[in-house]
There are 2 protein chains.
Amino acid sequence: MSNNEGFVLRLESFLPYRLVVAASLVSQATARTYATKYGIGIAEWRVIAQLGEFGTMTAKQIGTRSHMHKTKVSRAVATLTKKKMLAKRANRDDKREAFLSLSPIGLEVYESIAPSAQALSQRMFGEVSSEDRAAFERVLDTVTARAAALADTGAELPD
Amino acid sequence: MSNNEGFVLRLESFLPYRLVVAASLVSQATARTYATKYGIGIAEWRVIAQLGEFGTMTAKQIGTRSHMHKTKVSRAVATLTKKKMLAKRANRDDKREAFLSLSPIGLEVYESIAPSAQALSQRMFGEVSSEDRAAFERVLDTVTARAAALADTGAELPD
DNA sequence: GTAAACTAGTTACAAATGAAACCAATGTCA
DNA sequence: TGACATTGGTTTCATTTGTAACTAGTTTAC
């Protein structure tokens, strides 16, 4: 049964909506992976992934790079520390922050999860042509930039 | 500072990650819009959007179409009902479910938000070429399908 | 040098969320 | 018909999340 107002939004073809739905499914599929394998959540995995890639970072840097809220990072770091997956080294020059890196155990986890994350990605994006993939990345880039700008300016909307 | 293990995952070029980050920013930017304008959250807006587009649906149908958890739908419907934005009509043939539609107030809200959602989308995707947009949609489609399959089979991972 | 402003990170609290239990109604199968 | 399974929807409960307040440390400006 359809409506008869002036303006109807076709959700199925509404890009922001489709983007969010796709991401939520991807996220769900991915979470299951990490979670059930090592008892860590998405936030924890992201911390590990950052440290696995960059070696040593502060919590602040992790938060910035991974677009995670600082409390989320804080908690993820806490649970990973409890699991002995992280090494924390004080910064003599600024005692507020600390340098974080993967412990041997953490490194093992990274080394084990990273390839299966890659494989999972392959399953999801594998059959996409490389032109489409390039286009997809371009769009993601511009949208990410635009949305970020809108999100933190709290931009006034057009009515 | 970089690591020296065998396998390193470059997050910046890892599509699932980028997809999720983009979606989260879009979602955030969007939420701010609806939320601050009518005191409704994303879930509520999605319910309104479905009803605005399709006229009359059961809670179940809304959940299926919008990929929302049934408790989320239930609660969104409850708060929208409290705000007099919904009309509920019993189904004589199956008393478990009820037919939901927008009340005049709900319709007003829809008529007001839908265009500004469109405008917001335009801001985010506006400068994307139509070829890139088409490619983007194709990729979203395939990924959504793939991820959905993986998500609910609880698929065994490749190690 | 010191007061005020600021920053990294944690904690307390309230709201949002999902899993599972639940209720009422419907369907199935003998 | 009547037991059993199933379904639409709500509620309960534990967990997750973000906002705001807070602590400790650092920078700025006078």
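What you see is a predicted model; the values in this text were computed from it and never measured. Letters A, B, ... mirror the listed sequences (proteins, then strands); counts begin at 1.
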*Would you please say whether a donor-acceptor pair under 3.5 Å links the side chains of A/T79 and A/E44?*
yes
*Which nucleotide span of DNA chain C, 5' end to 3' end, has atoms closer than 4.0 Å to non-hydrogen atoms of chain A?*
C/dT7 to C/dA12
Could you measure the distance from the [atom1] atom of [X] to the [atom2] atom of [Y]? Nearest 0.5 Å is fine.
X	Y	atom1	atom2	value
B/I62	B/R46	CD1	CZ	12.5 Å
A/T144	A/E137	OG1	CD	11.0 Å
A/L51	A/M57	CG	CE	6.5 Å

*So, is A/H69 near the phosphate of D/dT19, with a side-chain N or O under 4.0 Å from OP1 or OP2?*
yes
*What is the distance from CZ of A/R92 to P of D/dG25, rounded to the nearest Å?*
13 Å
*Scan A/D93 against the nucleic acid and name what it touches under 4.0 Å (heavy atoms): base, sugar-phosphate only, or nothing.*
sugar-phosphate
*Can you name the nearest heavy-atom pair linking B/F14 to A/S121, along with the distance?*
CE1-CB, 3.4 Å
*Can you name the residues that form a side chain to side chain contact (heavy atoms under 4.5 Å, CB included) with B/S27, not counting sequence neighbours?*
A/V20, B/I42
*Could you write nucleotides 3-15 of chain D as a row of B, S and -, 5' to 3', where a protein heavy atom under 4.0 Å of any base atom gives B, of only sugar-phosphate atoms gives S, and otherwise -?*
----BSBBBB---
_Pair B/E12 + B/R18, salt bridge at N-O below 4.0 Å_ = no
*Quick one: does A/D141's side chain get under 4.5 Å of A/F136's, heavy atoms only?*
no
